[in-house]
Amino acid sequence: MIPQRTDTWYVSYVLIAANVVVFIVGMAMGDSIGGQSAVDGLIFEAATWGPAIDIANEWWRVFTGGFLHHGLFHLAVNMYSLYILGLALERWLGRVPFTAVYLSSLVSGSFGALIEAPNSLIAGASGAIFGLMGAYAALMLTQGVGLFQTPIGPILAINLVISFTVREVSLGGHIGGLIGGVLVGAAAAQAIRKRRHTNAVPVLAATVVAAGSFVGSLWAASRWVEAF
């Protein structure tokens with residue numbers, strides 16, 4: 001039986017709203033609903049992009065890229081995934097640990113994406129969402145529940161197949177987010193199992209993952225010249 005928190009509001013809704021608002025702002029700046037980015041558009045100005053991080057020291061792109069999307073379809077798919085996975089995991093963990101999983105997975109996803117393609121304009125919440133899947137899987141396995149005994153197993157398998165077969169998808173971002181989510185989720189699972197420090201442990205683990213991923217992102221961004 002999965003424990004359910006009784007919070008009256010959810011961070012998941014706030015994250016969805018933030019992504020939608022950012023998308024609207026991007027359209028107002030010239031980005032198109034189909035995914036094309038204007039030269040002075042928000043994606044060009046704030047996506048995770050190696051040259052800007054390395055040369056212009058725009059380190060904040062490691063974070064902001066996770067709130068941008070290449071078109072309405074990209075946004076809709078990610079927000080639907082966040083709604084399904086986010087609410088399920090947040091009800092299980094509570095607001096603070098859930099937020100820790102999401103944000104640290106976002107940064108580890110940026111790290112993975114920059115390792116794979118430092119020259120690309122990288123945008124999307126997919127890394128963070130893969131992190132939610134990883135955390136959910138870690139929690140289930142800790143309880144002795146097989147992944148394919150729940151919907152998370154097939155969902156994760158399908159998304160991994162898509163990640164490896166669709167060229168437009170950031171494989172590095174997905175794998176990076178997944179690893180970050182598994183690490184923080186495993187820490188949260190142990191805290192829940194021992195019934196001790198159920199907020200502090202995942203936050204500490206998320207801080208370590210995010211800090212390491214941020215430093216790694218700066219290093220990965222510096223490799224952009226090698227892509228030419």
Side-chain angles (χ1 to χ4, degrees), residues 1-24 63 65-69 72-110 123-160 162-163 173-174 176-193 195 198-203 205-206 209-210:
M1 182 70 179
I2 296 174
Q4 300 289 314
R5 300 291 183 98
T6 57
D7 297 339
T8 55
W9 63 272
Y10 298 103
V11 174
S12 301
Y13 290 136
V14 176
L15 291 170
I16 291 170
N19 278 273
V20 171
V21 169
V22 169
F23 183 76
I24 294 171
F63 305 93
F67 289 91
L68 299 168
H69 289 85
L72 182 61
F73 179 75
H74 188 203
L75 174 71
V77 170
N78 278 344
M79 293 306 98
Y80 178 73
S81 301
L82 177 54
Y83 174 74
I84 299 299
L85 285 167
L87 285 179
L89 191 59
E90 189 173 355
R91 287 171 180 149
W92 191 344
L93 291 177
R95 295 188 196 116
V96 173
F98 169 79
T99 304
V101 170
Y102 188 91
L103 295 180
S104 59
S105 298
L106 186 153
V107 182
S108 63
S110 294
S126 302
I129 290 168
F130 263 78
L132 299 184
M133 285 191 278
Y136 202 104
L139 286 159
M140 297 302 293
L141 290 172
T142 301
Q143 289 201 347
V145 179
L147 289 184
F148 287 90
Q149 293 178 269
T150 72
I152 192 66
I155 291 172
L156 180 57
I158 291 169
N159 277 278
L160 284 173
I162 292 172
S163 299
H174 290 181
L178 181 66
I179 292 172
V182 167
L183 292 174
V184 181
Q190 290 302 314
I192 292 171
R193 186 175 64 83
R195 299 182 182 180
T198 54
N199 280 356
V201 168
V203 168
V209 168

Please report the interatomic distance OH(Y80) to CD1(I16), rounded to the nearest 0.5 Å.
11.5 Å
Return the OG to CZ distance between S12 and F98, rounded to the nearest 0.5 Å.
3.5 Å
CA sep, side-chain torsions, deciding dist, call: V11, V96, side-chain contact (heavy atoms from CB on, under 4.5 Å):
CA-CA 9 Å; V11 174; V96 173; over 6 Å; no
How close do V107 and A210 get, heavy atom to heavy atom, and via which atoms?
CG1-O, 3.6 Å
Taken to the nearest 0.5 Å, the spacing of Y136 OH from L141 CG works out to 12.0 Å
What verdict does the side-chain contact (heavy atoms from CB on, under 4.5 Å) test give for I192 and T142, after you've listed the backbone C-alpha separation in whole Å, the side-chain angles of each residue and the deciding distance to 0.1 Å?
CA-CA 10 Å; I192 292 171; T142 301; over 6 Å; no
Shortest non-hydrogen contact from G176 to S108?
O-OG, 3.0 Å
Nearest heavy-atom neighbours spanning A100 and P202:
CB-O, 4.1 Å
When rounded to the nearest 0.5 angstrom, what is the spacing between CG in L93 and CG in L132?
9.5 Å
Identified side-chain contact (heavy atoms from CB on, under 4.5 Å) counterpart of S104 within the set V184, L183, T99:
V184
Between the CG atom in L178 and the CD1 atom in I129, the distance rounded to the nearest 0.5 Å is 13.0 Å
Working note: F23 + H69, criterion ring pair (Phe, Tyr, Trp, His ring centres under 6.0 Å); need CA distance, chi angles, decisive distance, verdict.
CA-CA 7 Å; F23 183 76; H69 289 85; 7.4 Å; no
Using 30° and 60° as the class boundaries, would you call the ring planes of Y13 and Y10 parallel, tilted or perpendicular?
perpendicular
Search all heavy atoms of L85 against all heavy atoms of M133 and return the closest pair with its distance.
CD1-CG, 3.3 Å
Shortest non-hydrogen contact between M79 and A125, atoms and distance
CE-CB, 4.2 Å
Who passes ring pair (Phe, Tyr, Trp, His ring centres under 6.0 Å) against F63, sequence neighbours left out?
F214
Rounded to the nearest 0.5 Å, what separation is found between the CG atom of L87 and the CG atom of L82?
7.5 Å
Over 60° means perpendicular and under 30° means parallel, so tell me whether Y102 and F67 are parallel, tilted or perpendicular.
tilted
Which atom names give the shortest non-hydrogen contact between A191 and V201, and what distance separates them?
CB-CB, 3.8 Å
